[in-house]
Amino acid sequence: MTMSIVARTAWAAGVLLMLSADASAQAAKKPKVRDSVEVKTRDSTRVPPMFTSERPLPVTFTTNLKQLRGDKGEEVPWRAATMTYTAADGKSVVVPLRAKTHGVWRLRRCDFPPVRLNVSNKESKGTLFHDLDKPKLTNYCRDNTQHEQYVLQEFQLYRIYQLLTPISHKVRLLRVTYADSADQKPLATRYAFIFEDPDQLGERLGGLKMRVKGATADDIEPSQGALVYLFEYFIGNTDFSFNGLHNGEIFSQTTGDVMPVAYDFDFSGAVNAHYSSVDPSLPVKRVRQRLFRGYCVHNSQVPAAFDVFRKKKDAIYALYRDEIGALMDPKIVKETLEYFDEFYGTINDAGSADRMLSSCVGPR
């Protein structure tokens, strides 16, 4: 299914309305998915230096840890912080920035909260942190090996996603020492990863992040939609909604296409965290049970998505044998690849593939 002329016109009209002098008058109208756009003028082709390498980067994150860990409300302040790393010439580089907590589930339950960074281009010029804007730092929840493995497992899924499509967030693995600015004492040293700012991703894609809920099958570009929903099936993730903008984003492009982008995979079967669960309204009971949640009207695009996964299989499995894969527990690697084997067994058998697609959403 291609986007209709009416839909493309509506999207273009949304851009023009944002630029027009009477945009404020239009704000009184009920918003539509394609009308929720913002115009930026940054260069969309540049890649921040942080994401030009996959090598794990050791850093020290320094802030008032007592204050940061206590920030659990909806409105929390930005806290002064620094990131310190060793440059290629051996010199120590200190990057001033700000940090604040975010999220819901992890914020309530984790010993160390999820953190968003705010990096000034002026303060970070010439460093690896330049041009990052406001990226998330996906860090450990509890200071133990099990939770650190969850971080590494989720990071691998983002790497797989990047192999399958460039319409996905860039990530970089960090080895973070958390130090208190009050006494400089380290709290912990654990792996974490930095996550591309969504607005920056939109610019890289030549599009804009859309902030109005309600995207439907008619809004989402069919081939990309089929690929993303298949990826969610591949990793065993049901904790998302592009319609509701829950662990999913949509980006409008100048072509009029609307591209879905998934994120936040710690409740997936591939990670299989002990705290993960599934929505009781769904017909699966455990996160390791896969459920295809793509739109039925996009099913004709799924065979092409199968082919993408088949072509990338060797590269996907190789991620678990490289420098980063070696950081994972060998038992977890074995279990993960066996879980992926089940997926390939499904898509390579016509009957199994048809049964998979039978759980699709909406009219056929």
Side-chain angles (χ1 to χ4, degrees), residues 2-3 11 37-38 40-55 57 128 130-136 138 154-173 193-210 215 219-235 237 240 242 245 247-265 268 270 294 298 301-320 322 324-325 340 343 347:
T2 58
M3 188 171 295
W11 178 87
V37 294
E38 297 177 1
K40 292 191 177 184
T41 57
R42 279 178 35 168
D43 178 6
S44 63
T45 62
R46 67 192 187 200
V47 175
M50 179 63 70
F51 301 123
T52 59
S53 171
E54 280 204 323
R55 183 176 296 276
L57 177 68
L128 291 177
H130 185 65
D131 207 25
L132 286 180
D133 291 344
K134 296 180 180 177
K136 290 179 183 178
T138 300
E154 186 176 10
F155 180 73
Q156 290 286 60
L157 301 183
Y158 281 101
R159 296 178 77 201
I160 293 171
Y161 198 7
Q162 280 275 296
L163 280 178
L164 297 170
T165 173
I167 305 176
S168 54
H169 288 279
K170 291 183 179 296
V171 289
R172 175 77 180 272
L173 190 65
F193 60 87
I194 204 160
F195 177 91
E196 184 179 20
D197 180 283
D199 288 330
Q200 194 169 64
L201 169 61
E203 294 169 19
R204 177 165 61 83
L205 300 178
L208 300 160
K209 180 180 176 180
M210 307 177 80
D219 294 306
I220 293 173
E221 198 282 321
S223 61
Q224 188 65 24
L227 182 65
V228 172
Y229 279 105
L230 186 61
F231 171 73
E232 297 279 31
Y233 177 83
F234 170 73
I235 66 173
N237 191 36
F240 70 96
F242 295 110
L245 299 182
N247 295 338
E249 302 159 330
I250 54 175
F251 294 85
S252 62
Q253 296 186 305
T254 54
T255 59
D257 289 326
V258 175
M259 299 296 186
V261 177
Y263 67 94
D264 202 349
F265 309 131
S268 69
H298 294 168
Q301 303 290 328
V302 174
F306 286 168
D307 286 341
V308 174
F309 274 86
R310 293 186 187 104
K311 291 175 182 176
K312 296 293 185 178
K313 180 180 178 180
D314 289 345
I316 290 171
Y317 282 49
L319 296 178
Y320 291 83
D322 66 7
I324 294 173
F340 293 166
F343 166 84
I347 70 170

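The first residue of the sequence shown is numbered 1, and numbering continues consecutively from there.
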Query raised in the report: Side chains of Gln162 and His169: donor-acceptor distance under 3.5 Å anywhere?
Result: no

Query - Side chains of Arg172 and Leu57 in contact at under 4.5 Å (non-hydrogen atoms) - result: yes

Query raised in the report: Cation-pi between Lys311 and Phe309: NZ/CZ under 6.0 Å from ring centre and within 45° of the ring axis?
Result: no

Report summary line: Between the CZ atom in Phe193 and the CZ atom in Phe195, the distance rounded to the nearest 0.5 Å is 7.5 Å

Report summary line: Scanning both residues in full, the closest heavy-atom pair of Gly325 with Gln156 reads CA-NE2, 3.7 Å

Query raised in the report: Under 3.5 Å, side chain of Gln253 to main-chain N/O of Leu205, donor-acceptor pair present?
Result: yes

Query raised in the report: Do Lys136 and Glu196 meet the salt-bridge criterion of a basic N to acidic O distance under 4.0 Å?
Result: no

Query raised in the report: What closest approach, in Å, do Gly225 and Ile220 show between heavy atoms, and which atom pair accounts for it?
Result: CA-CG2, 3.8 Å

Query raised in the report: Quick one: CG on Leu201 to CD on Glu249, what's the gap to the nearest 0.5 Å?
Result: 6.5 Å

Query raised in the report: Is there a side-chain contact between Glu54 and Leu173, using heavy atoms and a 4.5 Å cut-off?
Result: no

Report task. For the residue pair Phe234 and Phe343, categorise the inter-ring angle as parallel (less than 30°), tilted (30 to 60°) or perpendicular (more than 60°). Result -> perpendicular

**Report entry** Contact check, side chains of Ile250 and Asp219, non-hydrogen atoms, under 4.5 Å
**Finding:** no

Query raised in the report: Mind checking what makes side-chain contact (heavy atoms from CB on, under 4.5 Å) contact with Val308, not counting sequence neighbours?
Result: Leu164, Leu227, Lys312

Query - Side chain Arg204, main chain Asp199, donor-acceptor under 3.5 Å - result: no

Query raised in the report: How about Leu163 and Leu319: do any of their side-chain heavy atoms sit closer than 4.5 Å?
Result: yes

Query raised in the report: Between CZ of Arg159 and CG of Leu157, what distance do you get to the nearest 0.5 Å?
Result: 11.0 Å

Requested in this report: Answer yes or no: is there a side-chain heavy-atom contact under 4.5 Å between Gln200 and Pro48?
Outcome: yes

Report summary line: Minimal heavy-atom distance between Pro260 and Val258, with the atoms involved, is CD-O, 3.8 Å

**Report entry** Check against side-chain contact (heavy atoms from CB on, under 4.5 Å), Val171 and Ile194
**Finding:** CA-CA 6 Å; Val171 289; Ile194 204 160; over 6 Å; no

Report summary line: Taken in chain and number order and not counting sequence neighbours, the residues that satisfy side-chain hydrogen bond (donor to acceptor under 3.5 Å, both in side chains) with Thr165 are Gln224

Report task. Could you tell me whether the side chain of Glu221 and the main chain of Ser223 form a donor-acceptor pair under 3.5 Å? Result -> yes

**Report entry** Ring-face cation of Lys170 near Phe51 (centre distance under 6.0 Å, axis angle within 45°)
**Finding:** no

Requested in this report: Starting at CD1 of Ile235, measure out to CD1 of Ile160 and round the result to the nearest 0.5 Å.
Outcome: 8.5 Å

Query raised in the report: Mind checking whether Phe265 and Tyr158 have parallel, tilted or perpendicular rings, split at 30° and 60°?
Result: tilted

Query raised in the report: Can you name the residues that form a ring-ring contact (aromatic ring centres under 6.0 Å, His included) with Phe242, not counting sequence neighbours?
Result: Tyr229, Phe240

Query - Main-chain N/O of Tyr263 paired with Tyr161 side-chain donor or acceptor, under 3.5 Å - result: no

Requested in this report: Measure the spacing between CD of Glu232 and OG of Ser268 and express it to the nearest 0.5 Å.
Outcome: 8.5 Å

Query raised in the report: Taking all atoms of both residues into account, what is the closest heavy-atom pair of Thr52 and Pro49, and its distance?
Result: OG1-O, 2.7 Å

Query raised in the report: Is any side-chain heavy atom of Val228 less than 4.5 Å from a side-chain heavy atom of Val261?
Result: no

Query raised in the report: Asp264 side chain to Asn247 main-chain N or O, any donor-acceptor pair under 3.5 Å?
Result: no

